[in-house]
*Asks:* 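This is the structure I want to talk about, given as structure tokens.
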Amino acid sequence: MTETQREERRFETEVSQLLHLMVHALYSNREIFLRELISNAADACDKLRFEALASPGAIVQPGELHIDVSFDREKREIRVSDNGVGMSRDEVVENIGTIARSGTKEFLNRLTGDQQKDALLIGQFGVGFYSSFTVADRVTLETRRADAPEDAAVRWESDGTGSYTLENTSRAEPGTEVILHLKEDADEFLEAYRLRHIITRYSDHVSFPIRMPKLDDEGKPTDEWETVNRASALWTRAKGDITDEEYREFYKHVAHDFEDPAAWVHSHVEGKQQYTTLFYVPKRAPFDLWDRDQRHGVKLYVKRVFIMDDAEKMLPSYLRFVRGVVDSSDLPLNVSREILQSNRLVDGIRSGSVKKILGLLESIAEKEPEKYAEIWTQFGRVLKEGPGEDYGNREQIARLLRFASTHNSDDTQNVSLADYKARMKEGQKAIYVVTADNPAAARNSPHLEIFRKHGIEVLLLSDRVDEWLLSHLDQFDGTPIKSVAKGDLDLGDLVDKDAEGKDAEGEDKAKEALGDLPERIGRTLGDRVETVRASQRLVESPACIVLGEHEMALYLQELMKQAGQQTFGSKPVLEVNPTHPLVQRLKAADGAEFDDLATLLFEQALLTEGGQLDDPSGFVSRLNRLLLKAA
């Protein structure tokens with residue numbers, strides 16, 4: 001080559017527009033320029049390794065492939081260099097100058113207006129290199145292909161606005177060097193600790209050494225190089241070659257946690273697509289687990305190059321407590337590598353990852369129940385979101401759920417649906433549950449009285465997510481799940497006879513003895529109730545509220561109202577206990593006393609269910625009148 005081969009090319013109008021979009025809009029933070037340049041350098045090293053194997057006579061692989069990062073505070077320069085495959089003049093135009101080629105107008109015509117699709121197109125056109133202009137007002141690139149002579153090197157330079165230049169130069173070693181001439185507002189990147197932090201964050205597990213000048217005792221760069229990344233992607237190694245201690249240490253690095261993980265699962269998938277996953281279940285829930293504004297997810301890598309933290313699309317929200325990495329060889333990314341494209345590749349990785357994690361949890365639940373109990377204590381409420389979010393895996397998620405139960409004396413959530421089914425009475429046709437605002441309210445619910453009398457187990461659900469869970473989980477292993485506080489109750493032969501052999505005849509007579517009392521109570525309560533009827537549920541309490549089969553619990557309706565949400569619940573049913581003394585007294589009452597007793601009966605049932613009184617002072621007045629009369 002000769003000096004006369006220097007040329008200047010002007011960017012087309014469309015290119016200038018695209019560069020402006022790139023620098024000012026598509027990249028959310030400037031520090032990723034270093035990630036992009038290191039990614040390109042790592043690709044060059046990968047290509048050299050491949051070409052040296054394919055053409056051993058034409059290309060000689062150096063003893064060590066590496067990437068060097070240095071800076072000069074006085075010159076305001078950052079240099080990123082590699083000893084990879086390098087580029088010829090044509091390749092510079094084709095690869096680095098992709099955005100500047102004559103097909104740019106055609107490329108822009110392909111933009112659809114859909115942000116995600118357009119971002120993918122831009123990414124395919126290789127503009128990651130141009131992120132350099134977010135911190136530099138001028139960029140110089142010098143490169144020499146590994147199979148070319150020293151004087152066949154090329155220099156490319158541009159200020160990212162109107163034009164760029166290409167000229168020949170000489171370069172002793174093959175490879176590429178990018179020189180960034182920094183803007184006045186980019187001083188933060190002229191600090192060794194800042195560059196090291198970026199490398200550690202984004203490129204720690206690039207498989208090639210990333211070197212920076214070693215610092216002396218005064219913190220000044222020396223002529224000696226040192227590797228600042230680990231240069232080994234742990235997840236790419238065979239599982240048999242990784243010790244438990246290495247897994248634990250990597251977890252602390254990737255999750256920024258001081259404790260060891262509770263469990264992990266590591267897998268390599270090959271076939272139509274290739275990817276590796278390493279997932280961890282922490283021992284403790286993070287403080288921001290319930291912060292809806294906080295992004296959660298795993299780290300995403302492509303060919304061992306870090307792309308993003310909190311890749312929430314790789315896992316569903318109910319697994320947001322899981323930490324780890326996904327490393328794909330062929331995942332499509334947008335220009336900033338920060339927004340995943342929703343397509344079959346992503347769906348395939350997501351589906352496979354979910355099955356691995358659920359399988360891990362299921363294995364722990366079966367083989368190490370005490371460990372699973374600890375995991376459930378930390379993340380159980382999050383897992384309860386699963387059936388509503390992930391219908392395809394709801395049966396597997398259901399096997400992982402744990403609840404408190406009337407079978408136990410405490411409120412520990414340690415009973416699975418499978419445990420419950422194994423203890424069901426002969427002839428029992430449903431899994432019975434009750435929901436409430438807290439454990440005590442659930443355990444003392446009047447709806448449990450008939451079940452307690454006849455020894456029928458009921459699961460006690462007191463997490464606020466439980467109502468939502470039941471709306472998406474209506475059966476388990478073919479057995480319906482039914483709330484004891486909603487809809488009609490038919491226990492059939494289970495309660496036809498009690499332990500003493502007494503049949504239901506006495507109860508039927510008591511109901512008949514009520515006469516027109518339900519209608520009288522209904523007239524007093526008016527539109528506050530749908531109807532009033534004799535109860536099959538109650539043994540000790542005088543009355544209870546029963547909602548429709550698919551109605552939201554009263555306590556949750558109140559929470560929704562307080563949050564400014566509109567609820568559309570129908571009027572409740574009031575059930576009364578025909579054998580209770582208060583109900584018997586109500587039969588004999590009339591006038592104002594009847595109205596007071598009937599209204600109090602309804603209001604106490606409402607309060608028991610977690611509802612709110614429309615007129616608390618009226619409630620107090622009625623109660624005081626009855627107390628004075630009793631005194």
*Asks:* For a quick check under 3.5 Å, do Y251 and E259 share a side-chain donor-acceptor pair by atom type?
*Replies:* no
*Asks:* Check whether the side chains of S163 and E8 place a donor and an acceptor atom closer than 3.5 Å, and report yes or no.
*Replies:*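 Per modelled atom types, S163 and E8 side chains form a pair under 3.5 Å.
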*Asks:* For the residue pair Y318 / D390, report whether a side-chain donor-acceptor contact shorter than 3.5 Å exists.
*Replies:* yes
*Asks:* Taking the six-membered ring for Trp, are H266 and Y247 ring centroids under 6.0 Å apart?
*Replies:*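 Centroid distance H266-Y247: below 6.0 Å, so yes.
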*Asks:* Would a distance-only check, ignoring hydrogens and angles, find a side-chain to backbone donor-acceptor pair under 3.5 Å from R76 to K183?
*Replies:*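 It does hold such a pair.
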*Asks:* Let me confirm one number: the CH2-CZ distance from W376 to R381, rounded to the nearest 0.5 Å.
*Replies:*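 Rounded to the nearest 0.5 Å, the CH2-CZ separation comes to 10.5 Å.
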*Asks:* Within this structure, what is the CZ-CZ distance for the pair R201 and R35, rounded to the nearest 0.5 Å?
*Replies:* 9.0 Å
*Asks:* Could you go through F33 and F189, starting from their C-alpha distance and side-chain angles, then the distance that decides it, and tell me whether this counts as ring-ring contact (aromatic ring centres under 6.0 Å, His included)?
*Replies:* CA-CA 11 Å; F33 79 90; F189 301 109; 5.3 Å; yes
*Asks:* Looking at CG of L361 and CZ of F379, how far apart are the two atoms once the value is rounded to the nearest 0.5 Å?
*Replies:*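 L361 CG to F379 CZ: 10.0 Å, rounded to 0.5 Å.
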*Asks:* Strictly by modelled atom types, are S88 and D90 linked by a side-chain donor-acceptor pair under 3.5 Å?
*Replies:* no
*Asks:* R145 side chain to D147 main-chain N or O, any donor-acceptor pair under 3.5 Å?
*Replies:* no
*Asks:* Under 3.5 Å, is there a donor-acceptor pair linking the side chains of T277 and S353?
*Replies:* no
*Asks:* May I have all residue pairs that pass side-chain hydrogen bond (donor to acceptor under 3.5 Å, both in side chains) and include part of residues 60-75, sequence neighbours excluded?
*Replies:* H66-D68, D68-R211, R73-E191
*Asks:* Could you walk me through whether R155 and T140 pass side-chain contact (heavy atoms from CB on, under 4.5 Å), step by step?
*Replies:* CA-CA 7 Å; R155 178 186 290 118; T140 303; 3.9 Å; yes
*Asks:* Indicate whether the side chain of S317 and that of R320 have a donor and an acceptor atom separated by less than 3.5 Å.
*Replies:* yes
*Asks:* What distance do E270 atom CD and T276 atom OG1 have between them, rounded to the nearest 0.5 Å?
*Replies:*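 Between atom CD of E270 and atom OG1 of T276 there are 8.0 Å.
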*Asks:* Mind listing the closest non-hydrogen atom pair of W225 and V69 along with its distance?
*Replies:*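 W225 and V69 have their closest heavy atoms at CZ3-O, 3.9 Å.
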*Asks:* Under 3.5 Å, is there a donor-acceptor pair between the side chain of R30 and the main chain of T134?
*Replies:*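 Looks like yes, one N/O pair under 3.5 Å.
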*Asks:* Under 4.5 Å between any side-chain heavy atoms of T143 and V92, yes or no?
*Replies:* yes
*Asks:* Once you round to the nearest 0.5 Å, how far does NZ of K214 lie from OG1 of T222?
*Replies:*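 Nearest 0.5 Å value for the NZ-OG1 distance: 7.0 Å.
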*Asks:* Are D204 and R230 close enough for a salt bridge, meaning some N to O gap below 4.0 Å?
*Replies:* yes
*Asks:* Could you tell me how the ring of W156 sits relative to the ring of F129: parallel (under 30°), tilted (30 to 60°) or perpendicular (over 60°)?
*Replies:*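 Plane angle over 60°, so perpendicular.
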